[in-house]
Visitor: 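The structure under discussion is supplied below as structure tokens; questions concerning it will follow.
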Amino acid sequence: MTDLLQQLIADLTLAAGAPVALERPSDVDHGDYATNVALQLAGRLGRPPREIAEELAGAAGNLDAVAEASVAGPGFVNLRLTDSWFLQALRETLAAGETFGSGSSAAPERVQVEMVSANPTGPITVASARNGAYGDSVARLLAFAGHTVEREYYYNDAGGQMDLFRASVEAARLGQDPPEDGYHGDYIAELAAQPGDPVPRMLAGIEASLERFRVHFDTFERQSVVETEIPEAIALLDTFEQDGALWARTSAHGDEKDRVLVRTDGTPTYFAADAAYVRRKYAKGFDRLFYVLGADHHGYVARLQALAEMLGHPRDSLEALIYQLVHLTRGGEATKMSKRRGDVVFLDDFIDEIGVDAARWYLVSRGHDQTIEIDVDLAAEKSAKNPVFYVQYAHARIAGILRNAPGGVVAQSHEVDLAGALAAEERELVKRLAEFPAVAAEAAQRRAPHAISTYAIRVADDFHRFYHHHKVLGSPQETLRLGLCAATRNVVARCLDLVGVEAPERM
RNA sequence: GGCCCCGUAGCUCAGUGGAUAGAGCGGUGGACUUCGAAUCCACGCGCGGAGGUUCGAUUCCUCCCGGGGCCA
């Protein structure tokens with residue numbers, strides 16, 4: 001929310017005597033902004049909503065920013081704002097520059113986002129790519145909101161899966177079939193062709209794929225290291241012995257049942273490693289822990305939160321971000337997603353087909369609670385029709401206009417001024433840009449990067465419409481319109497960055 | 001059997017209490033001697049079903065139906 005909008009809301013709240021929320025009416029003829037506060041107050045005050053609305057409209061009409069305030073429908077107050085308000089709003093976004101919309105968090109935290117975390121038994125798949133695309137965008141949103149963010153990748157370097165993986169590579173070296181349920185595929189043959197432990201090389205390959213995908217990790221954590229701290233973690237938990245095993249009393253902390261930590265034979269469970277890992281994370285000083293998990297892991301959330309609580313942290317300071325699975329189809333037929341059978345779609349192949357920008361956009365432009373269905377053939381074939389290019393084109397188009405500006409210079413924000421009445425398309429675009437801080441704040445709070453891509457399309461839409469109707473260079477309003485272009489470019493570039501997509505100067 | 005997610009336009013999806021529910025793709029017809037036509041403009045169809053909560057429900061609650069997932 002811009003300062004100007006906040007000021008307007010504060011003034012209206014004072015006039016109404018109750019918190020006012022402004023919204024954009026679906027029909028612009030209703031005004032620039034509207035509020036339903038009279039409808040909400042009517043029940044509480046026992047008065048007709050229209051009567052309250054009339055009073056509020058009268059008070060609002062006296063504000064400098066308001067050109068016209070009217071009552072409509074059952075008790076909405078519609079506001080039309082003055083051109084000078086729009087000018088100020090534009091100046092504000094220009095003056096903020098790169099920081100426009102940032103720092104929305106009232107209480108910045110140190111947070112860790114743990115994501116992907118696939119064991120290095122094969123290349124990253126498209127399913128894991130959704131984890132990375134979503135997790136990384138949430139991390140970007142959180143950082144933009146003012147939090148300090150670390151991205152971590154966690155993997156099991158010592159379990160049965162890794163033994164099977166190494167055995168599969170070894171079998172390939174000897175020209176034998178892989179063990180039962182072992183791994184195969186071209187990548188196994190490639191790893192077998194090189195000597196030594198294949199695990200570090202596999203991990204390096206995964207990291208390279210993710211870097212190419214613009215998902216960067218600050219830290220890599222190994223389970224073999226975490227496991228050494230199991231005793232310290234267990235000492236801090238609420239435990240009891242039964243049937244010769246050691247249990248965590250997770251049922252007293254929101255989990256559906258208690259969990260075994262140490263089996264009767266003395267070996268720790270995976271859950272014990274989880275406990276050590278959670279303890280280690282908090283010990284590093286994080287206020288909040290994010291686990292980005294596929295929907296098939298939703299059953300783990302309660303026990304992880306139980307661990308947080310037993311370790312003395314609020315259970316909701318450990319947040320699981322659950323995303324639904326990706327279903328790939330090829331020519332309308334479902335493709336199998338079994339990594340061990342080697343018929344899965346790898347991230348690198350996916351990127352080769354549709355590009356990093358389209359891949360990242362596609363994987364976050366839907367709600368994380370929504371199953372994604374992607375026809376790989378269609379995505380590749382129709383990439384030029386992908387909305388991501390529509391948004392990128394708006395950026396490139398503006399870059400072109402600004403290159404052609406006299407001297408290549410755009411006026412400073414305070415030099416931007418009105419030159420006659422603003423056109424409808426100009427007012428709509430300014431309003432759209434003014435929404436950005438609220439959109440970014442809500443996207444961060446809801447951990448919902450798809451709100452950014454949805455918004456970016458609207459910005460591009462408003463800009464293309466503005467551009468089509470109004471000449472920028474050489475017009476009497478050149479300075480103002482160049483300012484509008486520059487402000488739009490900043491917002492579009494920021495939106496693209498928040499979802500990991502490049503903002504091209506030329507296309 | 002228990003739990004989680006989802007049913008919105010022909011298709012893929014936005015919309016977590018407001019006015020006439022929006023985009024993209026696909027379809028039809030228009031707009032380039034003009035700063036970038038990868039653009040713009042015009043035209044159609046829709047909230048799975050039944051109750052409840054209230055001034056008002058696609059949105060919140062209950063049940064049912066349908067799709068996906070996890071656990072047992």
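Small disclaimer: the values here were computed from a predicted structure and weren't measured. Quick note on labels: first sequence line is chain A, next is B, and so on, each numbered from 1.
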Visitor: Can you measure Q370(A) atom CD to G15(B) atom C1' for me and round it to whole angstrom units?
Guide: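 Going from Q370(A) (CD) to G15(B) (C1'), I get 12 Å.
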
Visitor: For R303(A) and H253(A), does a side-chain donor sit closer than 3.5 Å to a side-chain acceptor?
Guide: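 No pair is found: no donor N or O on one side chain lies under 3.5 Å from an acceptor on the other.
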
Visitor: Does any donor atom in the side chain of N119(A) or T121(A) lie under 3.5 Å from an acceptor atom in the other side chain?
Guide: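 Judged by distance alone, the side chains do not pair up.
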
Visitor: Separation of R447(A) atom CZ from C5(B) atom P, in whole Å?
Guide: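 For the pair R447(A) CZ and C5(B) P, the rounded distance is 17 Å.
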
Visitor: Using a 4.0 Å heavy-atom cut-off to protein, can you give one letter per nucleotide of nucleotides 66-72 of chain B, 5' to 3': B if the base is in contact, S if only the sugar-phosphate is, - if neither?
Guide: --SBS--

Visitor: Tell me: CG of L41(A) to P of G56(B), nearest whole Å?
Guide: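 To the nearest whole Å, that distance equals 17 Å.
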
Visitor: By a strict heavy-atom criterion of less than 4.0 Å, which residues belonging to residues 500-507 of chain A are in contact with RNA chain B?
Guide: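 Of all residues in residues 500-507 of chain A, the ones placing a heavy atom under 4.0 Å from RNA chain B are E505(A), R506(A), M507(A).
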
Visitor: When both hydrogen-bonding distances must be under 3.5 Å and the geometry is Watson-Crick or G-U wobble, what is A9(B) paired with, if anything?
Guide: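 Checking every strand shown, A9(B) finds no partner, since no pair has both distances under 3.5 Å.
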
Visitor: Y300(A) and H297(A): aromatic ring centres closer than 6.0 Å?
Guide: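 So the answer is yes for these two rings.
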
Visitor: Taking atom C1' of G24(B) as reference, at what distance in whole Å does atom NE2 of H450(A) sit?
Guide: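 Atom-to-atom, H450(A) to G24(B), this comes out as 15 Å.
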
Visitor: Which class fits the ring pair F466(A) and F463(A): parallel under 30°, tilted 30 to 60°, perpendicular over 60°?
Guide: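 Rings of F466(A) and F463(A): tilted, as their planes differ by 30° to 60°.
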
Visitor: Quick one: which protein N/O atoms are closer than 3.5 Å to N/O atoms of nucleotides 29-35 of chain B? Pair and distance per line, please.
Guide:
residue: C35(B); atom: O2'; partner: N404(A); partner atom: ND2; Å: 3.0
residue: C35(B); atom: O2; partner: V472(A); partner atom: N; Å: 3.4
residue: C35(B); atom: O2; partner: L473(A); partner atom: N; Å: 2.7
residue: C35(B); atom: N3; partner: V472(A); partner atom: N; Å: 2.9
residue: C35(B); atom: N4; partner: Y467(A); partner atom: O; Å: 3.1
residue: C35(B); atom: N4; partner: H470(A); partner atom: O; Å: 2.7

Visitor: Quick one: D462(A) CG to C40(B) P, roughly how many Å, whole number?
Guide: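 My rounded result for the distance is 11 Å.
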
Visitor: Would you tabulate the nitrogen or oxygen pairs shorter than 3.5 Å linking the protein to nucleotides 17-22 of chain B?
Guide:
residue: G18(B); atom: N7; partner: N36(A); partner atom: ND2; Å: 2.5
residue: A19(B); atom: N6; partner: N78(A); partner atom: OD1; Å: 2.7
residue: A19(B); atom: N1; partner: N78(A); partner atom: OD1; Å: 3.1
residue: A19(B); atom: N1; partner: N78(A); partner atom: ND2; Å: 3.2

Visitor: How close or far is atom C1' of A23(B) from atom CZ of F389(A), stated in whole angstroms?
Guide: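 It works out to 18 Å between those atoms.
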
Visitor: Pick the C1' atom in G46(B) and in C60(B), then give their distance to the nearest Å.
Guide: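 These two C1' atoms come out 22 Å apart once rounded.
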
Visitor: Which is it for C32(B), anti or syn, if anything within 90° of zero counts as syn?
Guide: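 Glycosidic conformation of C32(B): syn.
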
Visitor: Which pairs of donor and acceptor atoms, one on a side chain in residues 490-507 of chain A, lie under 3.5 Å apart (sequence neighbours left out)?
Guide:
residue: R494(A); atom: NH2; partner: E98(A); partner atom: O; Å: 3.1
residue: D497(A); atom: OD1; partner: R140(A); partner atom: NH1; Å: 3.4

Visitor: Please compare G367(A) and I457(A) by the position of their nearest nucleotide in RNA chain B and report the one closer to 5'.
Guide: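 Result: G367(A).
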
Visitor: Show each protein N/O and nucleotides 43-47 of chain B N/O combination with a separation under 3.5 Å, one pair to a line.
Guide:
none

Visitor: Rounded to the nearest Å, what distance is computed from the CG atom of residue D369(A) to the P atom of nucleotide U16(B)?
Guide: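 In whole Å, U16(B) P and D369(A) CG are 13 Å from each other.
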
Visitor: Within the structure shown, what part of the strands sits under 4.0 Å from A451(A) by heavy-atom distance: base, sugar-phosphate, or nothing?
Guide: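 Nothing, no nucleic acid heavy atom in range.
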
Visitor: Should the pair R130(A) and Y323(A) be classed as cation-pi, given the thresholds of under 6.0 Å to the six-membered ring centre and 45° from the axis?
Guide: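 Output no; distance or angle outside limits.
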
Visitor: Using atom C1' in both nucleotides, what's the gap between C45(B) and C5(B) to the nearest angstrom?
Guide: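 Approximately 28 Å lies between the C1' atom of C45(B) and that of C5(B).
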
Visitor: Do the two ring centres, one from H464(A) and one from Y390(A), sit under 6.0 Å apart?
Guide: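 Yes, ring centres under 6.0 Å apart.
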
